[in-house]
Amino acid sequence: IQERFRKDVLRRGRRFKIKLIEFRTQWEREGPNADGLTPQEAVRQMSALEERFHRLCNEEAVIVADEQLFGIHPISVFKELTETRQELRFFKELFPLRCRVLEMIAMIQNISWVEAKHRLPDLDRSMTKEYKLLQNVSQPVMVMPEAQDLMKDVKDARACLNVAQQMGSAFIRWRHWIKAQEILSLEAIPPQDDVLEVAHESGPIDNVGTGRPRRFRLGHLFGPHITEQEAAGSVAALCDAAMKEYQLEQALEQVATDWA
């Protein structure tokens with residue numbers, strides 16, 4: 001009788017191995033790391049396949065326990081579950097964070113300039129918080145291409161918010177925006193008539209020269225040089241010079257008033 005049960009355990013183990021190969025094939029084809037998935041789709045696929053994975057883990061535990069009971073050696077090791085378990089741990093650490101951060105970045109890029117002026121400090125604090133969370137992910141996760149791409153996106157967003165806060169100051173004039181556009185290779189800048197109130201319903205001018213109306217948003221500040229240290233220093237120097245110009249203008253106006 002014991003030999004019959006022993007053969008049954010071995011037979012179940014072979015069938016289970018086939019089931020794992022099928023699961024692993026599905027995981028690689030439809031799992032969270034499959035090609036073409038959006039971050040939201042990746043999270044949904046991960047959750048859906050995680051349920052099946054846990055059922056397989058329970059089945060594995062029963063088979064291993066039976067092998068130990070009937071003295072079957074060596075005890076089966078199912079590498080498909082081991083690989084999936086490690087990948088799932090990495091994905092669960094990164095993918096929900098990636099989904100949340102990318103949604104936040106998309107929201108930031110779509111904010112109009114007028115609205116952004118009042119929200120920049122809060123936006124910067126929120127993005128800094130996410131940046132610190134990303135810095136604290138485990139090293140095996142941080143070397144994943146998805147993590148590297150996400151870190152670049154976060155750095156771009158933080159640099160954008162930094163430039164926005166500097167260029168949103170009261171002493172910034174349109175001539176300073178023209179210079180910033182040159183430094184950062186920006187696609188567009190606010191219109192000349194009012195660099196502080198650019199979110200009109202008709203939309204501001206297109207600074208590329210196409211003639212199409214365009215509503216200026218924070219996303220327009222995402223230029224190819226937004227994270228370059230040299231460019232950041234140039235923008236900071238530009239804003240510092242603009243502040244001194246503004247202070248000089250105020251002083252001259254005060255003198256004119258005093259002598260009037």
Side-chain angles (χ1 to χ4, degrees), residues 1-107 126-158:
I1 295 177
Q2 185 175 7
E3 182 62 23
R4 189 178 70 228
F5 283 123
R6 187 175 184 275
K7 289 181 179 179
D8 180 66
V9 171
L10 292 173
R11 187 164 49 250
R12 284 192 289 118
R14 289 192 294 269
R15 288 201 298 265
F16 183 63
K17 181 70 174 179
I18 295 174
K19 187 184 296 185
L20 289 182
I21 293 174
E22 293 173 348
F23 170 75
R24 186 65 191 178
T25 300
Q26 182 185 15
W27 174 267
E28 293 175 352
R29 186 179 62 248
E30 304 173 10
N33 210 31
D35 294 336
L37 294 181
T38 66
Q40 295 82 0
E41 290 171 340
V43 171
R44 286 196 295 269
Q45 289 296 94
M46 179 177 65
S47 298
L49 289 175
E50 185 180 9
E51 295 181 8
R52 186 181 175 193
F53 170 75
H54 288 311
R55 290 196 300 270
L56 291 171
C57 287
N58 293 335
E59 191 171 346
E60 174 199 31
V62 173
I63 291 176
V64 169
D66 287 345
E67 288 179 344
Q68 293 172 337
L69 177 64
F70 291 100
I72 298 175
H73 295 287
I75 299 297
S76 296
V77 176
F78 303 104
K79 65 180 183 66
E80 292 84 3
L81 286 181
T82 302
E83 293 173 357
T84 306
R85 186 177 292 110
Q86 182 180 35
E87 292 174 5
L88 185 59
R89 179 167 60 85
F90 291 163
F91 292 153
K92 289 183 71 173
E93 185 177 357
L94 176 64
F95 279 29
L97 174 63
R98 181 180 71 155
C99 190
R100 184 175 69 247
V101 169
L102 291 181
E103 286 177 353
M104 180 183 297
I105 291 175
M107 178 270 293
S126 296
M127 187 53 61
T128 299
K129 178 181 177 182
E130 300 297 345
Y131 175 67
K132 291 179 178 178
L133 289 174
L134 184 57
Q135 283 185 312
N136 289 330
V137 302
S138 61
Q139 185 59 31
V141 172
M142 202 59 240
V143 299
M144 293 171 61
E146 294 87 353
Q148 295 292 314
D149 291 343
L150 182 60
M151 178 62 79
K152 180 184 181 304
D153 290 338
V154 170
K155 288 181 177 179
D156 285 353
R158 296 187 72 210

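Scope of the values below: all heavy atoms of this structure, side chains included, with no hydrogens, waters or symmetry mates.
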Drop me the distance from Leu10's CG to Ile63's CD1, to the nearest 0.5 angstrom.
10.5 Å

Heavy-atom pair with the smallest gap, counting every atom of Ser76 and Glu67:
OG-OE2, 2.6 Å

In Å, rounded to the nearest 0.5 Å, how long is the span from CD of Glu93 to OG of Ser138?
3.5 Å

Tell me the closest heavy-atom pair linking Arg85 and Cys57, and the distance in Å.
NH2-SG, 3.5 Å

Taking the side chain as everything from C-beta on, heavy atoms only, tell me whether Met127 gets closer than 4.5 Å to Ile105.
yes

To the nearest 0.5 Å, tell me how far Lys79 NZ sits from Thr84 OG1.
9.5 Å

Considering all heavy atoms of both residues, which atom of Gly36 and which atom of Glu41 are nearest to each other, and what is their separation?
O-OE1, 4.0 Å

Please list every donor-acceptor pair under 3.5 Å in which a side-chain atom of residues 139-152 meets a protein atom from a residue at least two apart or in another chain.
from, atom 1, to, atom 2, distance (Å)
Gln148, NE2, Met142, O, 2.5
Lys152, NZ, Asp156, OD2, 3.0

Does Leu20 reach the side chain of Glu60, with side-chain heavy atoms less than 4.5 Å apart?
no

Please step through side-chain contact (heavy atoms from CB on, under 4.5 Å) for the pair Val154 and Glu130, ending with a clear verdict.
CA-CA 8 Å; Val154 170; Glu130 300 297 345; 5.6 Å; no

Any side-chain heavy atom of Val101 sitting closer than 4.5 Å to one from Asp153?
no

Does NZ or CZ of Arg52 come closer than 6.0 Å to the centre of the six-membered ring of Phe23, within 45° of the ring's axis?
no

Kindly write out the residues that satisfy salt bridge (Lys or Arg N to Asp or Glu O under 4.0 Å) with Lys92, not counting sequence neighbours, or none if the list is empty.
Glu50

Can you give me the closest heavy-atom contact between Val43 and Cys99, atom names plus distance?
CG2-CB, 4.2 Å

Rounded distance (nearest 0.5 Å) linking atom CZ of Phe91 with atom CD of Gln86
10.0 Å

Quick check for you: to the nearest 0.5 Å, what is the distance between Glu103 atom CD and Arg98 atom CZ?
11.5 Å

Side-chain touch Leu94/Leu134, heavy atoms, less than 4.5 angstrom:
yes

With Phe78 via ring-ring contact (aromatic ring centres under 6.0 Å, His included) - residues at least two apart:
Phe16

Which residue pairs pass the salt bridge (Lys or Arg N to Asp or Glu O under 4.0 Å) test with at least one member in residues 15-24, sequence neighbours excluded?
Lys17-Glu80, Lys19-Glu59, Arg24-Glu28, Arg24-Glu83, Arg24-Glu87

Qualifying residue, where the test is side chain to side chain contact (heavy atoms under 4.5 Å, CB included) with Met46 and the options are Leu88, Leu37, Asn33
Leu88

Looking at residues at least two apart in the chain, or sitting in another chain, which of them share a side chain to side chain donor-acceptor pair (under 3.5 Å) with Thr128?
none

Would you list the pairs meeting ring-ring contact (aromatic ring centres under 6.0 Å, His included) in which at least one residue belongs to residues 24-59, sequence neighbours left out?
none

Picking from Arg6, Arg4, Arg12, what satisfies side-chain hydrogen bond (donor to acceptor under 3.5 Å, both in side chains) with Asp8?
Arg12

Is any side-chain heavy atom of Lys129 less than 4.5 Å from a side-chain heavy atom of Lys132?
no

